Undergrad: 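Just passing along the structure, written as structure tokens.
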Amino acid sequence: MPAIDTPQDSATPAGEQEKDGVNWWHELRSITLLILAVLAFHSFVAKPFYIPSESMMPVLLTGDRLVVSKFPYGWSYVSPSFHPLPFLKGRVLGRLPQRGDIVIVSPHNRREDYIKRVIGLPGDIIEVRGGQVILNGTAVKQKAMKPLRLPVDGNAPCSPDQFPGARVRGADGRDYCELPVRQEILPNGKTYLTIDMGPSALDWYGPVRVPADHVFLMGDNRDNSADSRAPLAENGLGGPVPWEAIGGRAEFITFSLDGNASWNPISWFHAFRSGRAGNSLRPRSVAAPD
């Protein structure tokens, strides 16, 4: 009789069957490495930054998101994300910022970042008289410009406390904040716009000499900026700041929100401000003043 093939049981005997499961150690290690890579990038290359106040108007508005590069001035104790380190003197591959640069800075004994513009460098003598910046005995050149109109929105409400009498109705029926602006030109030819609403306590300062390895910082919204002119007790920078406190240079705006978004996802698209994404934050250069 012909042989009959008996089917072989392909099942693995009990006890020899391997169970596929999640390797939690491998997953945890992968997540940890990813977090460390992101923190390293934020600490040493670039990080996003959110503008929370009006101190750098008109170039920066509340609700702007931007990129800050961490390497142009080298690295210091404020470079790591979340500022876990105490004050440490010196910088690795350190370079001083230029006048006109917009930088992030950590105030003394505070683990947060401000954003201001570099006005004075080591050895400079800084004064402010009636809102006029005087650098090394020479008034920084200013030019009155046509009033600037910014649309009023949730992140730019044109508060009468900061901008008295500035809210106007446009021909299109929208409300605008009409602001007096001046073009300021630093000795190196870097130029930008400032806002000065009139007499304020910050219009008078100094003279002070900027110490070695320090910089003097000011906000472009000259009457509403807790900068080097304002004491630490008033949440200011308390005078010139050590260059170690500089965390990076502002490069460009990624996008901007007007503060009118709600829980409705459709409102998120309407909350984007047009015309701001991609704007460079490096100051323009013109012929240096005589």
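Everything quoted here is computed from the prediction, not taken from an experiment.
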Undergrad: Should D203 and R129 be marked as a side-chain contact (heavy atoms from CB on, under 4.5 Å) after you check the CA-CA gap, both sets of side-chain angles, and the distance that decides it?
TA: CA-CA 6 Å; D203 283 346; R129 291 288 177 264; over 6 Å; no

Undergrad: Could you state the interatomic distance from OG1 (T62) to CG (N155), rounded to the nearest 0.5 Å?
TA: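 It comes to 6.0 Å.
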
Undergrad: Could you walk me through whether K116 and D220 pass the side-chain contact (heavy atoms from CB on, under 4.5 Å) test, one step at a time?
TA: CA-CA 8 Å; K116 306 296 176 188; D220 293 346; over 6 Å; no

Undergrad: First locate atom CG of L39, then atom OG of S81, and finally report the distance between them rounded to the nearest 0.5 Å.
TA: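 Interatomic distance, L39 CG to S81 OG, rounded to 0.5 Å: 5.0 Å.
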
Undergrad: Hey, any chance M56 and V103 share a hydrophobic cluster, counting ILVMFWY side chains that come within less than 4.5 Å of each other, even indirectly?
TA: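 No; V103 is not reachable from M56 via cluster members.
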
Undergrad: State which residues pass salt bridge (Lys or Arg N to Asp or Glu O under 4.0 Å) with D64; sequence neighbours excluded, sorted by chain then number.
TA: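 For D64, the residues satisfying salt bridge (Lys or Arg N to Asp or Glu O under 4.0 Å) (neighbours in sequence not counted) are R273, R276.
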
Undergrad: Under the 3.5 angstrom rule, does the side chain of R229 hit a backbone N or O of A201 as a donor-acceptor pair?
TA: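 Side chain of R229 to backbone of A201, a donor-acceptor pair under 3.5 Å: no, none is there.
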
Undergrad: Please step through ring pair (Phe, Tyr, Trp, His ring centres under 6.0 Å) for the pair F87 and Y77, ending with a clear verdict.
TA: CA-CA 6 Å; F87 178 84; Y77 79 100; 5.2 Å; yes

Undergrad: Taking atom CG of L150 and atom OH of Y176, what is their separation to the nearest 0.5 Å?
TA: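 One finds 10.0 Å between CG of L150 and OH of Y176.
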
Undergrad: Do you know which two heavy atoms are closest between L121 and V210, and how far apart they sit?
TA: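 Closest pair (atom of L121, atom of V210, distance): O-CB, 3.3 Å.
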
Undergrad: Hydrophobic clusters here meaning ILVMFWY residues chained together by side-chain heavy-atom distances under 4.5 Å, can you tell me if V59 and L148 are in one?
TA: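 No: no chain of side-chain contacts under 4.5 Å links V59 to L148.
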
Undergrad: Salt bridge (Lys or Arg N to Asp or Glu O under 4.0 Å), that's the test. Do R99 and D124 meet it? Break it down for me.
TA: CA-CA 11 Å; R99 289 192 184 93; D124 286 343; 2.5 Å; yes

Undergrad: Please name the pair of heavy atoms, one in S225 and one in L202, separated by the smallest distance, quoted to 0.1 Å.
TA: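 Heavy atoms only, the tightest pair is O-CD1, 3.4 Å.
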
Undergrad: Might you point out which heavy atoms bring P283 and K190 nearest each other, and give the distance in Å?
TA: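 Looks like CG-CD, 4.0 Å.
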
Undergrad: When you compare the side chains of D227 and Y114, does any donor N or O come within less than 3.5 Å of an acceptor on the partner?
TA: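 The answer is no; no qualifying pair exists.
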
Undergrad: For a quick test of reading the model, state the closest non-hydrogen atom pair linking T254 to A277 and the distance between them.
TA: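 That would be O-CB, 3.2 Å.
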
Undergrad: Does Q183 use its side chain to pair, donor to acceptor, with the backbone of L193 at less than 3.5 Å?
TA: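 Absent.
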
Undergrad: Would you say M145 and L61 are hydrophobically clustered, going by side-chain heavy atoms of ILVMFWY under 4.5 Å?
TA: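 In one cluster with M145: L61, yes.
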
Undergrad: Does atom CD1 (I266) have a neighbourhood of more than 12 heavy atoms from anything else shown, all under 6.0 Å?
TA: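 No, the 6.0 Å shell around CD1 holds no more than 12 heavy atoms from other groups.
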
Undergrad: Atom OG of S200 and atom CG of N224: how far apart are they, to the nearest 0.5 Å?
TA: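 Between S200 OG and N224 CG, I get 7.5 Å after rounding to 0.5 Å.
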
Undergrad: Using a 4.5 Å cut-off on heavy atoms from C-beta on, say whether the side chain of Q132 contacts that of Q142.
TA: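 Yes, their side chains come closer than 4.5 Å.
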
Undergrad: On a heavy-atom basis, which atom in S262 and which in S267 lie closest, and how many Å separate them?
TA: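 Answer, listing the atom of S262 first, then S267: N-OG, 2.9 Å.
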
Undergrad: Side chains of D223 and D196: does their closest heavy-atom pair fall under 4.5 Å?
TA: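 Sidechains of D196 and D223: in contact.
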
Undergrad: State, to 0.1 Å, how close E54 and N221 come at their nearest heavy-atom pair, and which atoms those are.
TA: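 Shortest heavy-atom separation between E54 and N221 comes out as O-ND2, 3.0 Å.
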
Undergrad: Relative to Y73, does R91 satisfy both conditions: NZ or CZ under 6.0 angstrom from the six-membered ring centre, and within 45 degrees of the ring's axis?
TA: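 Verdict for Y73: no cation-pi partner in R91.
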
Undergrad: Is there a side-chain contact between N136 and T138 (heavy atoms, below 4.5 Å)?
TA: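 N136 does not reach T138 side chain to side chain.
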
Undergrad: In the structure I gave you, are the side-chain heavy atoms of I115 and L60 within less than 4.5 Å of one another anywhere?
TA: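 Heavy-atom side-chain distance check passes, below 4.5 Å.
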
Undergrad: CZ/R95 to CZ/F71 distance, rounded to the nearest 0.5 angstrom?
TA: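 Interatomic distance, R95 CZ to F71 CZ, rounded to 0.5 Å: 9.0 Å.
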
Undergrad: Determine whether I125 and L135 satisfy the following criterion, side-chain contact (heavy atoms from CB on, under 4.5 Å), listing intermediate values before the conclusion.
TA: CA-CA 6 Å; I125 298 176; L135 187 60; over 6 Å; no

Undergrad: Between E27 and R29, does any NZ, NE, NH1 or NH2 come within less than 4.0 Å of an OD or OE carboxylate oxygen?
TA: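 Answer for the salt bridge query: no.
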
Undergrad: Find out whether R174 and P151 are in side-chain contact, i.e. whether some heavy atom of one side chain is under 4.5 Å from a heavy atom of the other.
TA: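 Side chain of R174 against side chain of P151, heavy atoms only: contact under 4.5 Å found.
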
Undergrad: Output yes when E178 and R169 qualify as a salt bridge under the 4.0 Å nitrogen-oxygen rule, no when they do not.
TA: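 Judged by the 4.0 Å cut-off on N to carboxylate O distance, E178 and R169 do not form a salt bridge.
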
Undergrad: Can you check whether P180's main-chain N or O pairs, donor with acceptor, with R182's side chain at less than 3.5 Å?
TA: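 Flag not set: sc R182 to bb P180 has no pair under 3.5 Å.
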
Undergrad: Do you reckon I104 sits in the same ILVMFWY cluster as L217, going by side-chain contacts under 4.5 Å, direct or chained?
TA: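 Each belongs to a different hydrophobic cluster.
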
Undergrad: Return yes if some donor-acceptor pair links the side-chain N/O of W268 with the main-chain N/O of A261 below 3.5 Å, else return no.
TA: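 Side chain of W268 to backbone of A261: no pair is present.
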
Undergrad: Please step through side-chain contact (heavy atoms from CB on, under 4.5 Å) for the pair Y50 and R65, ending with a clear verdict.
TA: CA-CA 5 Å; Y50 167 74; R65 271 72 169 178; 3.2 Å; yes

Undergrad: Report the relative orientation of the aromatic rings in F216 and Y205; use parallel for angles under 30°, tilted for 30 to 60°, perpendicular for over 60°.
TA: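 Answer is tilted, since the angle falls between 30° and 60°.
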
Undergrad: Are P122 and L96 side-chain neighbours, meaning at least one heavy-atom pair lies under 4.5 Å?
TA: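 Answer yes - side chains close enough.
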
Undergrad: Would you check if there is a donor-acceptor pair between the side chains of T194 and E184 at a distance under 3.5 Å?
TA: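 Result is no, nothing qualifies.
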
Undergrad: With a 3.5 Å distance limit and no angle check, can you tell me whether H26 reaches the backbone of W24 through a side-chain donor-acceptor pair?
TA: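 Flag not set: sc H26 to bb W24 has no pair under 3.5 Å.
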
Undergrad: Mind checking what makes salt bridge (Lys or Arg N to Asp or Glu O under 4.0 Å) contact with K47, not counting sequence neighbours?
TA: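 Salt bridge (Lys or Arg N to Asp or Glu O under 4.0 Å) list for K47, sorted by chain: D113.
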
Undergrad: Measure the CZ-CG distance between R117 and D101 for me, rounded to the nearest 0.5 Å.
TA: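 So the gap between those two atoms works out to 8.5 Å.
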
Undergrad: For the residue pair I185 and Y192, establish whether any side-chain heavy-atom pair is separated by less than 4.5 Å.
TA: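 The answer is no; the side chains never approach within 4.5 Å.
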
Undergrad: Determine whether I246 and V118 fall in the same hydrophobic cluster, where Ile, Leu, Val, Met, Phe, Trp and Tyr are linked whenever their side-chain heavy atoms lie under 4.5 Å apart.
TA: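 I246 clusters together with V118.
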
Undergrad: Are any of the side-chain heavy atoms of V133 and R222 separated by less than 4.5 Å?
TA: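 Yes. Closest side-chain heavy atoms under 4.5 Å.
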
Undergrad: Checking S79 against S43: is there a side-chain donor and acceptor pair closer than 3.5 Å?
TA: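 Result is no, nothing qualifies.
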
